[in-house]
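Order of appearance sets the numbers: ligands from 1, and atoms from 1 within every ligand.
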Amino acid sequence: MIKIAPSILSADFAAMGEAVEQLGRWGADYVHCDVMDGLYVPNITFGQGMVAALKQRTDLPLDVHLMVEAPERHFDSFIDAGADILTFHVEACRHPHRGLQAIRNRKVKSGIVLNPGTPVQALDYLYEEADMILFMSVNPGFGGQAFIPSVIDKIEKAANEIARRNLRVEIEVDGGVNAKNARRLIDAGANVLVAGSAVFLSEDPAKTIKALRSGE
Ligand code: DX5
Ligand code: ZN
């Protein structure tokens, strides 16, 4: 089943509670929370306090994407705040294998993120520890950027590897996802599509979420 994870980075920051409540009504599957620290990426968004507050406003799983340097410093606090899925960048973490294990040990879904310039081979010794792999299809830091098509090849390779190893790992793709490229991403093997501007700037977000899910 294809899941849609709208990114609240494109929502009104002064009305985040309403935004996550709307996502439930619009038929989203996850709430994608983009945490930025102003160091790993230029912007600063929000932290554990926001995640904890949003947890009170929705039953949807919180898919927390950490764009922070040395993310392992914050795993426990984001899990305590209510993250259901916690993903961090392989490029930002000195011990990604240990990091994935640490998240799983807390009974939360562990996820590793690869930037557009990071080869898929970075995953070779991590597949077994991950519940999710997140492929960035833009360079992290901003919503509304153009989709980078070379991600498709990486998704295909990872999907083959996951099948070959007989694992259950979700493949998520994040950045510039819209109704035009959703079908290609699903066909390549992605099963979770993040969409920020495509959902929140849509005139009919519920319809857009449906269209993304069916790849139309
Ligand atoms: C980028 C974030 C994305 C972003 C996606 O750094 O990780 O989640 O919000 O936004 P769109 O869908 O507008 O590219
Ligand atoms: Zn994201």
Side-chain angles (χ1 to χ4, degrees), residues 2-13 16 19-20 22-23 26 28-47 50-51 54 60-69 71 74 78 83-93 103 109-118 130-152 154-155 170-186 190-203 205 207-209 211-213 215:
I2 306 303
K3 294 175 183 159
I4 306 302
S7 165
I8 54 172
L9 185 63
S10 296
D12 176 358
F13 269 42
M16 281 301 200
V20 294
Q22 278 175 327
L23 289 181
W26 292 341
D29 299 287
Y30 295 155
V31 177
H32 186 81
C33 304
D34 284 310
V35 175
M36 304 186 187
D37 68 349
L39 183 63
Y40 184 63
V41 292
N43 282 325
I44 300 175
T45 52
F46 52 77
M50 176 68 85
V51 171
L54 296 180
L60 292 177
L62 300 183
D63 168 27
V64 177
H65 174 194
L66 297 178
M67 283 162 274
V68 308
E69 203 59 48
H74 304 296
F78 276 99
D84 297 280
I85 305 165
L86 194 55
T87 66
F88 64 91
H89 278 254
V90 70
E91 308 87 358
C93 182
I103 296 169
K109 283 190 182 174
S110 64
I112 191 80
V113 191
L114 266 63
N115 279 329
T118 302
D131 299 302
M132 176 184 272
I133 293 165
L134 168 50
F135 287 103
M136 293 305 298
S137 40
V138 298
N139 286 294
F142 308 92
Q145 303 181 81
F147 178 78
I148 299 172
S150 57
V151 72
I152 290 174
K154 287 203 274 188
I155 293 172
E170 293 198 300
I171 298 184
E172 182 174 52
V173 55
D174 183 5
V177 174
N178 56 41
K180 287 199 189 92
N181 52 32
R183 171 49 50 199
R184 270 187 293 157
L185 294 166
I186 294 166
N191 72 306
V192 185
L193 307 182
V194 176
S197 43
V199 168
F200 281 97
L201 302 184
S202 165
E203 280 175 17
K207 197 172 155 197
T208 300
I209 287 172
L212 287 168
R213 192 182 285 117

Ignoring waters, how many protein N/O/S atoms are under 2.8 Å from the Zn ion (ligand 2)? 4
Heavy-atom donor-acceptor pair, Asp63 side chain to Ile85 backbone, under 3.5 Å: no
Tell me, please, which residues at least two apart from Val138 pass side-chain contact (heavy atoms from CB on, under 4.5 Å). Met136, Gln145
Expected output: side-chain Asn115 to main-chain Gly117 donor-acceptor under 3.5 Å: no
Testing Lys3, His65, His32 for side chain to side chain contact (heavy atoms under 4.5 Å, CB included) with Glu172, which one passes? His32
Apply the side chain to side chain contact (heavy atoms under 4.5 Å, CB included) test between Val177 and each candidate in Leu185, Val199, Val194; give the one that qualifies. Leu185
Do Thr45 and Asp34 meet the criterion of a side-chain donor-acceptor pair at a distance under 3.5 Å? no
Determine the sole option in Leu134, Val113, Thr118 for which the side chain to side chain contact (heavy atoms under 4.5 Å, CB included) test with His89 is passed. Val113
Ligand 1: which protein N/O atoms lie under 3.5 Å from its N/O atoms?
{"unit_1": "ligand 1", "atom_1": "6 (O)", "unit_2": "Gly141", "atom_2": "N", "d": "2.7"}
{"unit_1": "ligand 1", "atom_1": "7 (O)", "unit_2": "Asp34", "atom_2": "OD1", "d": "3.0"}
{"unit_1": "ligand 1", "atom_1": "7 (O)", "unit_2": "His65", "atom_2": "ND1", "d": "3.3"}
{"unit_1": "ligand 1", "atom_1": "7 (O)", "unit_2": "Asp174", "atom_2": "OD2", "d": "2.9"}
{"unit_1": "ligand 1", "atom_1": "8 (O)", "unit_2": "His32", "atom_2": "NE2", "d": "3.4"}
{"unit_1": "ligand 1", "atom_1": "8 (O)", "unit_2": "Asp34", "atom_2": "OD1", "d": "3.2"}
{"unit_1": "ligand 1", "atom_1": "8 (O)", "unit_2": "Asp34", "atom_2": "OD2", "d": "2.7"}
{"unit_1": "ligand 1", "atom_1": "8 (O)", "unit_2": "Asp174", "atom_2": "OD1", "d": "2.7"}
{"unit_1": "ligand 1", "atom_1": "8 (O)", "unit_2": "Asp174", "atom_2": "OD2", "d": "3.0"}
{"unit_1": "ligand 1", "atom_1": "9 (O)", "unit_2": "Ser7", "atom_2": "OG", "d": "3.0"}
{"unit_1": "ligand 1", "atom_1": "9 (O)", "unit_2": "Asp34", "atom_2": "OD2", "d": "3.1"}
{"unit_1": "ligand 1", "atom_1": "12 (O)", "unit_2": "Gly196", "atom_2": "N", "d": "2.8"}
{"unit_1": "ligand 1", "atom_1": "13 (O)", "unit_2": "Gly144", "atom_2": "N", "d": "2.8"}
{"unit_1": "ligand 1", "atom_1": "13 (O)", "unit_2": "Ser197", "atom_2": "N", "d": "3.0"}
{"unit_1": "ligand 1", "atom_1": "13 (O)", "unit_2": "Ser197", "atom_2": "OG", "d": "2.5"}
{"unit_1": "ligand 1", "atom_1": "14 (O)", "unit_2": "Gly176", "atom_2": "N", "d": "2.8"}

So, the side chain of Thr87 versus the backbone of Ile112: is there a donor-acceptor pair under 3.5 Å, distance only? no
Would you please name every residue forming a side-chain contact (heavy atoms from CB on, under 4.5 Å) with Ile186, sequence neighbours left out? Ile2, Arg183, Leu193
